[in-house]
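All remarks here apply to the structure that follows.
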Amino acid sequence: MKPLQGIRVLDFTHVQSGPTCTQLLAWFGADVIKVERPGTGDATRTQLVDVPDADSLYFTMLNHNKRSICLNTKHETGKEVLARLVSSCDVLVENFAPGALGRMGFGWERIQQINPRMIMASVKGFGPGKFEDCKVYENVAQCAGGSASTTGFLGDVPMVTGAQIGDSGTGLHLALGITVALLHRQKTGRGQRVLAPMQDGVLNLCRVKLRDQQRLRAGPLREYSQFGNGIEFGEATPRAGNDSGGGQPGRILRCKGWETDPNAYTYFITQVAVWPRICELIGKPEWIDDPDYATLKARLPRLDEVFAEIEEWTSTKTKFEVMEICNPLNIPVGPILSMKEIAEDQGLRESGTIVEVEHPERGKYLTVGCPIKFSDHNVVVDRSPLLGEHTVEILADVLGYEDDELQRIIESGAVGKV
Ligand code: COA
């Protein structure tokens with residue numbers, strides 16, 4: 001018995017944010033039916049193509065464990081089929097541009113009329129307000145959610161991050177919203193609308209930066225390197241480079257081989273609790289009792305000097321040796337892992353974090369498995385569906401169309417070629 005077994009999801013999502021959400025629901029056991037435009041489908045199927053005539057990795061890595069039905073929802077017969085899908089599903093997830101579902105004739109009021117138990121969940125760029133009608137992609141959300149202004153180095157331009165916090169991050173938020181709405185429906189019998197705006201999702205992940213914005217009123221942010229460098233703070237939370245977010249100063253430091261390997265670095269945290277061990281490790285035992293270094297408060301204006309000494313030590317070791325030496329001493333460090341190293345890591349494959357999947361068009365490829373592990377539910381990652389692979393199966397088995405009706409729908413052209 002899978003946790004969401006028996007829950008059927010009408011998946012109207014495309015690109016990344018929505019598909020991240022519905023992929024999770026599928027991994028939790030829901031029957032996810034992806035509705036795609038005949039002929040083209042989700043635009044990502046043909047974006048960033050690496051194997052000719054095969055679904056791209058962009059698509060396959062975001063659409064595992066789903067079924068695909070082709071349906072032109074602007075065609076009269078397509079609308080009839082869509083209405084039947086709405087009445088047969090528990091959750092509708094969409095991330096169209098604002099207003100698109102209404103233009104299709106399936107706004108929230110109509111959905112409620114057809115199926116009052118329906119949970120209608122949306123990703124949009126912005127919540128209600130002056131930007132609610134805007135189309136939004138990942139980096140726009142990172143900028144509007146406060147991430148870009150606080151990422152990067154002081155004196156340099158705002159920076160977006162490699163982690164897709166706007167798209168995948170918001171998909172995660174929406175999946176949580178949907179599971180809560182399902183629990184609520186169990187108690188009340190009613191469906192509801194669930195909205196996850198990307199700006200809100202990014203800001204939620206940047207919460208500590210809004211914390212710092214307010215702390216500025218009380219004076220400089222002493223744990224930022226900028227403080228030790230004597231650079232005045234402005235009116236807004238500044239970019240903090242690679243400083244640790246909290247009160248345990250950390251930096252990215254060179255390791256053996258940094259001259260030729262762009263990822264020969266470690267993240268090193270000078271956690272207060274293990275400061276004496278750090279001093280001994282790097283050959284500065286005199287710092288343990290020296291009043292200029294013994295306390296965090298005394299060290300904060302000297303972080304450049306402290307980290308320069310630690311880096312003298314880390315540059316004599318590989319990033320993995322640093323980890324092997326520091327871990328038993330309880331000193332928190334982390335190697336900067338490249339995607340190549342992650343892809344080749346056997347341990348990550350054994351834990352299901354990286355999964356190898358077989359696909360009929362492209363052969364074997366790697367993907368990221370379910371990032372949440374359950375003691376009572378084993379997530380099996382199945383390949384993504386081909387475009388319209390399950391059209392007939394869904395029309396017949398899920399929607400109950402008999403042979404003659406099935407023929408009429410296929411001949412109408414609303415479901416494309418089958
Ligand atoms: N049959 C017929 N028409 C379909 C269809 C189907 N199965 N599926 C989609 N369409 C139509 C829509 O109804 C819409 O038509 P309309 O503009 O005439 O109303 C059209 O396809 C395009 O949809 P849209 O969502 O506007 O796509 P886009 O490519 O122009 O914009 C985004 C893409 C991502 C910018 C936009 O969808 C968006 O802002 N989404 C919300 C935020 C978001 O999730 N962004 C991150 C994506 S990773």
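Side chains are part of it too, since the values below use all heavy atoms of this structure and drop only hydrogens, waters and symmetry mates. In listed order, ligands and their atoms are each counted from 1.
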Closer than 3.5 angstrom, by distance alone: can the side chain of E405 be matched with the main-chain N or O of D403 as a donor-acceptor pair? no

Sub-6.0 Å ring centroid separation between F106 and F12: no

Which parts of the protein, at residue level, reach under 4.0 Å of ligand 1 through a heavy atom? H14, V15, Q16, S17, E36, R37, L71, N72, T73, K74, N95, F96, A97, A100, R103, M104, V123, G125, K135, V136, Y137, D167, M198

Only pairs under 3.5 Å count here: list side-chain donor-acceptor contacts from residues 328-341, not counting sequence neighbours, and write none if there are none.
| unit_1 | atom_1 | unit_2 | atom_2 | d |
| --- | --- | --- | --- | --- |
| S338 | OG | K340 | N | 3.4 |
| S338 | OG | E341 | N | 3.0 |
| S338 | OG | E341 | OE1 | 3.4 |
| K340 | NZ | E344 | OE2 | 3.2 |
| E341 | OE1 | K319 | NZ | 2.9 |
| E341 | OE1 | S338 | N | 2.8 |
| E341 | OE2 | K319 | NZ | 3.1 |

Residue set satisfying side chain to side chain contact (heavy atoms under 4.5 Å, CB included) with E393, at least two apart, ordered chain then number -> R67, H390, D397

Non-neighbouring partners of E311 that pass salt bridge (charged side-chain N to carboxylate O under 4.0 Å, His left out), sequence neighbours left out: none

Should we say atom CG of D156 is surrounded by more than 12 heavy atoms from elsewhere, each under 6.0 Å from it? yes

